[in-house]
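Contents: one structure, followed by commentary.
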Number of protein chains: 2
Amino acid sequence: MASVAVENYLKSMWELGPADVATQELAQHLAVAPASATRMLQRLSERGLVAHTPYRGASLTTTGERKALAVVRRHRLLETFLARTLKLGRDQLHDEAERLEHALSPALEAAIDDYLGNPQRDPHGHPIPGPQGELPPEGDVALGDWPLDRPAKVSQVPDRDVEKLAWLEAQGLVPGRELRLVARDPFDGGVTVKLDGKLLQVAASVADEVRVSGEGAT
Amino acid sequence: MASVAVENYLKSMWELGPADVATQELAQHLAVAPASATRMLQRLSERGLVAHTPYRGASLTTTGERKALAVVRRHRLLETFLARTLKLGRDQLHDEAERLEHALSPALEAAIDDYLGNPQRDPHGHPIPGPQGELPPEGDVALGDWPLDRPAKVSQVPDRDVEKLAWLEAQGLVPGRELRLVARDPFDGGVTVKLDGKLLQVAASVADEVRVSGEGAT
DNA sequence: TATAAAGTTTAGTCCCAGCTAAAACTCTCA
DNA sequence: TGAGAGTTTTAGCTGGGACTAAACTTTATA
Ligand SMILES: [Mn+2]
Ligand SMILES: [Mn+2]
Ligand SMILES: [Mn+2]
Ligand SMILES: [Mn+2]
């Protein structure tokens, strides 16, 4: 029903939301000219998928969000499926899923979900929306915001940025890994963590994209 | 590089070739108006993928055939992959592969090929072209053309027609199955086969789409 | 508070790929 | 051989989705 372009716009809107998204931000995220984003927002608004206030920004309607979550679900199921079957590394998953997500029938989506045993998270630790878009509130917190000395477990790593992902992988900072914060740079938000007895400097830009939780941490 | 539409046209040209393909035949195969097929043939001709003689028909150039075989390879690898991992039935494979085949990167194609152990045939028994489009000549022969009483093994079944496929499956007429021809209708080309001691009437339209070979048949 | 800068939308084009209707071609057969 | 039937191409239109340049709003700054 929805074209590849429409699905991509909706997914971007969801990723940048839920607050009003600026035309320019959306355009940048999709590597498209601002004028193109405006045109599309008008079409999406026409179709009731987006609420657009000219010059002010746009946000997903309930219908739009439901469709966006369907794309996110397919994306994350595919990442999980490719990792499980083909043993692809975390840094190879995103780009493949980015294209395949638009070619998955409901039947195949269900078959994959079934095969994987209804997984709750993808290999980056991102939660997988349910068949109707259900997404339980998760208590994960940005690494930079975790209190000092409290044991934590890595729950989410970024999926888009292959550079960061490779570095995290090399340092062993992957979902499931336990660590503690030993220091926080008060200016730029960078942190020093201890994992496996070793100290590691994590830049603010990276710490922003890694999420942790206290669940199951010793 | 090539759009979904272009890839589909090339694949259809290959399936209908190698002789000159009529505009109408191509259009029908793609469920498109003849005028649309003409337009596309002109564009493909412009790009050197097709040799088109107005009012006479068109055929793939070497470059065009190479690209077509790349699509066929992805299609058949995907069918094999989905069957192996998700245990999808032979009748569920084609439609899914039809869309996914356009979203497969060279890296993922290679990973799947590797995972499957470089399969030579897909679940319908169709040969899978190699990475460079290599397709060894195969000696399989239409079921209707097989001599009487000589043992044969089913090597290929159709993939597009879910009806026929379901019937074949129900009768046990699947790749690998051994059988003998016991009679041939001289008028319409239908045949009677014996498999597992039981006799079975096979209509000409079905017998045309099933291929057999003598290899490994007792 | 006026004006400049930044952000957004409109206007005008382009390409792709589909459609219908009309014109052109080819083939067959009387 | 020359209609008429069938096939193919051309002509003209549509919609999706991209672009640049120009116009318009909003926001920031002097
Ligand atoms: Mn991803
Ligand atoms: Mn992910
Ligand atoms: Mn197929
Ligand atoms: Mn097949």
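Given the structure is predicted, the values throughout are model-derived calculations rather than measurements. Naming convention: chains lettered A, B, ... in sequence-line order (proteins, then strands); numbering from 1 in each chain.
- Taking 4.5 Å as the limit, every side-chain heavy atom of B:Leu82 sits out of range of all side-chain heavy atoms of B:Gln92.
- The residue A:Ala33 sits close to a base: some heavy atom pair falls under 4.0 Å.
- For the 3.5 Å distance criterion, the side chains of A:His75 and A:Asp122 fail to qualify, holding no donor opposite an acceptor.
- In this entry the distance linking CZ of B:Arg47 with C1' of C:dC16 reads 11 Å, nearest Å.
- Rounded to whole Å, atom P of C:dT26 lies 16 Å from atom CD of B:Gln24.
- Residue contacts shown for A:Arg43 include a base, since a base heavy atom lies under 4.0 Å away.
- The residue among A:Tyr9 and B:Leu41 whose nearest nucleotide of DNA chain D lies closer to the 5′ end is B:Leu41.
- For B:Ala35, the side-chain atoms get nearest to C:dT20 when compared with the rest of C:dT20, C:dT9, C:dA17.
- Atom NE2 in B:His52 sits about 12 Å away from atom C1' in C:dC25, given to the nearest Å.
- Here the side chain of B:Arg211 pairs no donor or acceptor atom with the backbone of B:Ser155 at under 3.5 angstrom.
- Between C:dT20 and B:Arg39, no contact under 4.0 Å exists linking OP1 or OP2 to a side-chain N or O.
- Protein chain B touches strand DNA chain D; the 5'-most and 3'-most nucleotides with an atom under 4.0 angstrom of its non-hydrogen atoms are D:dT7 to D:dT10.
- Summarising the geometry of A:Ala5 relative to A:Met40, their closest heavy-atom pair is CB-CE, 3.9 Å, with the distance given to 0.1 Å.
- Under the 3.5 Å distance criterion, the side-chain polar atoms of A:Gln120 are matched with a main-chain donor or acceptor of A:Asn118.
- Among the heavy atoms of the strands lying under 4.0 Å from A:Thr38 is at least one base atom, whether or not backbone atoms are also near.
- Nucleotide C:dC25 holds its P atom 5 Å from the OH atom of B:Tyr55, rounded to whole Å.
- Taking the charged nitrogens against the carboxylate oxygens, A:Glu138 and A:Arg121 have no contact shorter than 4.0 Å, which rules out a salt bridge.
- Under 3.5 Å, the side chains of A:His94 and A:Glu98 contain a donor-acceptor pair of N or O atoms.
- Place A:Arg56 and A:Met40 on DNA chain D by their nearest nucleotides, and A:Met40 ends up nearer the 5' end.
- Taking 4.0 angstrom as the limit, B:Ser3 places a side-chain polar atom (N or O) nearer than this to OP1 or OP2 of C:dA17.
- Residue contacts for B:Thr23: at a heavy-atom cut-off of 4.0 Å it reaches the sugar-phosphate backbone alone, with no base atom in range.
- At the heavy-atom level, A:Ala37 lies nowhere under 4.0 Å from the strands shown.
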